[in-house]
**Q** 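Here it is, the structure in full.
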Amino acid sequence: MSHILLVEDDQDLSIITHANLTYAGHKVDDAFTCAQAEELLSQNEYDLILLDIMLPDRSGDDLCRSIRQDCDCPIIFMSCLEDSETIVDALRSGGDDYMVKPVRYPELLARVDAVIRRSGQKKEMPQDSARMFKSFSVDTSHRCILREGERVDLSSIEYGLLRYMIDHPDTLLLYQDLYQHVWETDSLGDFRTVMVHISNLRKKLDPDHRGIIETVRGAGYIFSDV
């Protein structure tokens with residue numbers, strides 16, 4: 001049974017979402033403010049956090065940044081706001097995914113299952129699995145990335161994207177393919193989540209803009225650093 005923290009200030013919506021998650025076999029704790037969420041986080045470990053943006057005491061992305069200081073638990077934002085700026089800010093604050101309300105509960109449950117499954121899996125290559133590239137190296141047995149001798153800290157999503165790209169070098173990887181393989185569910189045509197996480201990955205991996213990850217406008221990306 002997975003343990004989920006639901007942070008949603010609309011009590012009616014919280015009741016409905018809680019019921020759907022519970023019926024699917026998850027244990028759910030409810031918080032209606034950021035303060036309540038932080039109190040629950042201090043007392044429990046969670047497999048997933050579902051987080052609204054507009055909360056009465058602080059914004060959800062501000063809470064997400066606080067959580068990310070000492071917790072890498074997957075976070076899915078759920079909000080009625082669907083403008084690109086809000087979505088980008090939420091994902092850059094540390095969110096793994098973003099869903100626009102009203103959500104379809106079969107889709108929500110599919111994404112919840114996928115992110116929890118991905119978080120729990122350790123798809124590692126055998127020991128001595130160091131892979132060397134021109135600009136960095138990856139030790140997949142320890143999920144460690146080194147650039148110029150310095151460790152690069154990646155989120156689980158960023159690491160998943162990198163692993164998939166280095167396994168498919170010099171190949172056009174479509175937005176939809178990346179989403180399906182890394183998030184393990186369908187994007188339903190919204191690729192902003194992929195674009196934001198690729199942007200974050202570039203900043204960490206290629207601050208000198210050497211073109212390790214090339215954008216093919218309107219299609220996807222090509223990784224080349226071999």
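Source: prediction; values computed, not measured.
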**Q** Honestly curious: do Val28 and Ile75 fall in one hydrophobic cluster under the side-chain, below-4.5 Å linking rule?
**A**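 Looking at the clustering, Ile75 is in a separate group from Val28.
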
**Q** I need the Ile145 CD1 to Arg163 CZ distance, nearest 0.5 Å.
**A**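 Interatomic distance, Ile145 CD1 to Arg163 CZ, rounded to 0.5 Å: 9.5 Å.
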
**Q** In terms of heavy-atom contacts, does CE of Met195 have more than 12 from other residues, nucleotides or ligands at under 6.0 Å?
**A**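 It does not: Met195 CE has 12 such atoms or fewer within range.
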
**Q** Test side-chain contact (heavy atoms from CB on, under 4.5 Å) on Trp183 and His197; report intermediate values, then the result.
**A** CA-CA 12 Å; Trp183 281 262; His197 284 289; 3.5 Å; yes

**Q** Quick one: pull up CD in Gln36 and CG in Asp9 and give me the separation to the nearest 0.5 Å.
**A**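 Rounded to the nearest 0.5 Å, the CD-CG separation comes out at 10.5 Å.
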
**Q** Using the rule given for side-chain contact (heavy atoms from CB on, under 4.5 Å), can you reason through Val194 versus Val182, listing the C-alpha separation, both sets of side-chain angles and the distance that settles it, and then say yes or no?
**A** CA-CA 9 Å; Val194 174; Val182 176; over 6 Å; no

**Q** The criterion is ring pair (Phe, Tyr, Trp, His ring centres under 6.0 Å); which residues satisfy it with Tyr164, sequence neighbours excluded?
**A**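 Testing Tyr164 for ring pair (Phe, Tyr, Trp, His ring centres under 6.0 Å), a comparison that skips the adjacent residues, returns His168, His181.
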
**Q** Tell me whether Glu8 is salt-bridged to Lys101, with the criterion being a basic N under 4.0 Å from an acidic carboxylate O.
**A**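 Result for this pair is yes, salt bridge flagged.
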
**Q** Do Met78 and Ile4 belong to the same hydrophobic cluster, where Ile, Leu, Val, Met, Phe, Trp and Tyr are linked whenever their side-chain heavy atoms lie under 4.5 Å apart, directly or via other members?
**A**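 They do share one cluster, since a chain of ILVMFWY contacts under 4.5 Å joins Met78 to Ile4.
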
**Q** Hydrophobic cluster membership, with links at side-chain heavy-atom distances under 4.5 Å among I/L/V/M/F/W/Y: are Leu5 and Leu109 in one?
**A**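 Shared cluster, no.
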
**Q** My understanding is that only residues two or more places apart in sequence, or in another chain, count here; which of them pass side chain to side chain donor-acceptor pair (under 3.5 Å) with Thr185?
**A**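 Result, side chain to side chain donor-acceptor pair (under 3.5 Å) vs Thr185: none returned.
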
**Q** Any side-chain heavy atom of Ser199 within less than 4.5 Å of one from Arg92?
**A**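 Counting from C-beta outward, Ser199 and Arg92 do come under 4.5 Å.
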
**Q** Under a 3.5 Å distance rule, please check whether Ser93 uses its side chain to pair with a backbone N or O of Ala90 as donor and acceptor.
**A**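 Yes, Ser93 side chain to Ala90 backbone: donor-acceptor pair under 3.5 Å.
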
**Q** Which atom names give the shortest non-hydrogen contact between Val7 and Ala37, and what distance separates them?
**A**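 Reported closest heavy-atom pair: CG2-CB, 3.9 Å.
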
**Q** Going from CG on Asn200 to CG on Leu205, what distance comes out if it is rounded to the nearest 0.5 angstrom?
**A**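 Going from CG on Asn200 over to CG on Leu205, the span is 12.0 Å.
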
**Q** Nearest 0.5 Å, please: how far is CG in Asp206 from OG in Ser135?
**A**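 Going from the OG atom of Ser135 to the CG atom of Asp206 covers 6.5 Å.
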
**Q** Any side-chain heavy atom of Thr193 within less than 4.5 Å of one from Leu91?
**A**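 Yes, at least one pair of side-chain atoms sits under 4.5 Å.
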
**Q** Not counting sequence neighbours, list each pair that qualifies as a ring-ring contact (aromatic ring centres under 6.0 Å, His included) and has a residue in residues 68-110.
**A**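 Every pair satisfying ring-ring contact (aromatic ring centres under 6.0 Å, His included) with a residue in residues 68-110: there are none.
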
**Q** Taking salt bridge (Lys or Arg N to Asp or Glu O under 4.0 Å) as the definition, give me every residue that meets it alongside Asp153, ordered by chain and number, with sequence neighbours left out.
**A**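 If we apply the salt bridge (Lys or Arg N to Asp or Glu O under 4.0 Å) test to Asp153, skipping adjacent residues, the hits are Arg151.
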
**Q** For the pair Asp61 (side chain) and Ile53 (backbone), establish whether a donor and an acceptor sit closer than 3.5 Å, ignoring hydrogens and angles.
**A**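 Not confirmed, Asp61 side chain does not pair with Ile53 backbone.
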
**Q** Under the salt bridge (charged side-chain N to carboxylate O under 4.0 Å, His left out) rule, what pairs show up with a residue in residues 66-76, not counting sequence neighbours?
**A**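 Of all non-adjacent pairs touching residues 66-76, those that pass salt bridge (charged side-chain N to carboxylate O under 4.0 Å, His left out) are Arg68-Asp96.
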
**Q** Compare all side-chain heavy atoms of Met54 with those of Cys80 and state whether any distance is below 4.5 angstrom.
**A**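 Yes; the side chains approach each other to less than 4.5 Å.
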
**Q** Between Ser66 and Cys64 (side chain of the first, backbone of the second, donor and acceptor by atom type, cut-off under 3.5 Å), is there such a pair?
**A**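 Not confirmed, Ser66 side chain does not pair with Cys64 backbone.
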
**Q** Side-chain heavy atoms nearer than 4.5 Å, only ILVMFWY residues, links allowed to pass through others: does that put Leu48 and Leu13 together?
**A**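 The answer is yes; both residues are in one hydrophobic cluster.
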
**Q** Taking everything shown except Glu150 itself, do over 12 heavy atoms lie less than 6.0 Å from its CD?
**A**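 At most 12 heavy atoms, drawn from other residues, nucleotides or ligands, come within 6.0 Å of this atom.
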
**Q** Determine whether Tyr175 and Ile166 fall in the same hydrophobic cluster, where Ile, Leu, Val, Met, Phe, Trp and Tyr are linked whenever their side-chain heavy atoms lie under 4.5 Å apart.
**A**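 In one cluster: yes.
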
**Q** Output, in order, the C-alpha distance, side-chain angles, deciding distance and verdict of side-chain contact (heavy atoms from CB on, under 4.5 Å) for Ile76 and Val115.
**A** CA-CA 9 Å; Ile76 297 177; Val115 76; 3.9 Å; yes

**Q** Between Arg117 and Asp47, does any side-chain N to carboxylate O distance fall below 4.0 Å?
**A**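 Looking at Asp47 together with Arg117, the answer is no, because their closest N to O distance does not fall below 4.0 Å.
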
**Q** Below 4.5 Å, heavy atoms only, C-beta onward: do Pro207 and Arg147 meet side chain to side chain?
**A**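 The answer is yes, as the side chains (C-beta and beyond) meet within the 4.5 Å cut-off.
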
**Q** Please check: side-chain N/O of Glu107 versus main-chain N/O of Arg104, any donor-acceptor pairing under 3.5 Å?
**A**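 No; judged by distance alone, with no hydrogens or angles, the pair does not exist.
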
**Q** Using salt bridge (Lys or Arg N to Asp or Glu O under 4.0 Å) as the criterion, list what pairs up with Arg210, not counting sequence neighbours.
**A**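 Residues passing salt bridge (Lys or Arg N to Asp or Glu O under 4.0 Å) with Arg210: Glu148, Asp208.
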
**Q** With sequence neighbours excluded, what pairs up with Lys27 under the side chain to side chain donor-acceptor pair (under 3.5 Å) test?
**A**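 Partners of Lys27 under the side chain to side chain donor-acceptor pair (under 3.5 Å) test: none.
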
**Q** Measure the shortest side-chain to side-chain distance between Asp29 and Leu6 over non-hydrogen atoms and say whether it is less than 4.5 angstrom.
**A**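 Asp29 vs Leu6: side chains apart.
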
**Q** Tell me, which pairs form a salt bridge (charged side-chain N to carboxylate O under 4.0 Å, His left out) where one or both residues lie in residues 30-39, sequence neighbours left out?
**A**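 Residue pairs passing salt bridge (charged side-chain N to carboxylate O under 4.0 Å, His left out), neighbours aside: Glu38-Arg58.
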
**Q** Mind checking the CD1-NE2 spacing from Ile15 to His18? Nearest 0.5 Å is all I need.
**A**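 Going from CD1 on Ile15 over to NE2 on His18, the span is 9.5 Å.
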
**Q** Under 3.5 Å, sequence neighbours excluded: what are the donor-acceptor pairs made by side chains of residues 214-223?
**A**
| from | atom 1 | to | atom 2 | distance (Å) |
| --- | --- | --- | --- | --- |
| Thr215 | OG1 | Arg202 | NH1 | 3.3 |
| Thr215 | OG1 | Arg202 | NH2 | 2.5 |

**Q** By the ring-ring contact (aromatic ring centres under 6.0 Å, His included) test, which pairs, at least two apart or in different chains, include something from residues 32-51?
**A**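 Counting only pairs at least two positions apart or across chains, the ring-ring contact (aromatic ring centres under 6.0 Å, His included) contacts touching residues 32-51 are His3-Tyr46.
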
**Q** If the condition is side chain to side chain donor-acceptor pair (under 3.5 Å), which residues does Ser42 pass it with, not counting sequence neighbours?
**A**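 Ser42 satisfies side chain to side chain donor-acceptor pair (under 3.5 Å) with no other residue.
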
**Q** Given 3.5 Å as the limit, does a donor-acceptor pair link the side chain of Ser79 with the main chain of Leu81, or not?
**A**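 The answer is yes, because a donor-acceptor pair under 3.5 Å joins these two groups.
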
**Q** Looking only at heavy atoms, which two atoms of Asp57 and Cys34 are closest? And how far apart?
**A**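 It is OD1-N, 2.9 Å.
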
**Q** So, for Met1 and Gly25, which heavy atoms are closest and what is the spacing to 0.1 Å?
**A**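 Nearest pair, atom of Met1 first, then Gly25: CG-O, 3.3 Å.
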
**Q** Check the pair Leu51 / Leu63 against side-chain contact (heavy atoms from CB on, under 4.5 Å), numbers first and verdict last.
**A** CA-CA 9 Å; Leu51 180 58; Leu63 174 61; 3.7 Å; yes

**Q** May I ask you to test the Asn20-Leu108 pair for a side-chain heavy-atom distance under 4.5 Å?
**A**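 The answer is no, as the side chains (C-beta and beyond) never meet within the 4.5 Å cut-off.
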
**Q** Suppose we screen for salt bridge (Lys or Arg N to Asp or Glu O under 4.0 Å). Which residues come up paired with Asp97, at least two apart in sequence or across chains?
**A**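 Asp97: salt bridge (Lys or Arg N to Asp or Glu O under 4.0 Å) contacts with Arg111.
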
**Q** Do Asp83 and Thr86 get their side chains close enough for a donor-acceptor pair, meaning under 3.5 Å?
**A**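 Yes, because at least one side-chain N or O of Asp83 sits under 3.5 Å from a partner of the opposite role on Thr86.
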
**Q** Measuring only between side-chain heavy atoms, which start at C-beta, is Val103 closer than 4.5 Å to Thr17?
**A**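 Sidechains of Thr17 and Val103: no contact.
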
**Q** For the atom pair CD1 (Ile67) and CG (Asp62), what is the distance rounded to the nearest 0.5 Å?
**A**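 Atom-to-atom, Ile67:CD1 and Asp62:CG are 10.0 Å apart.
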
**Q** Side chains of Phe136 and Val138, heavy atoms from C-beta outward: is any pair under 4.5 Å?
**A**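 Result yes, sub-4.5 Å side-chain heavy-atom pair found.
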
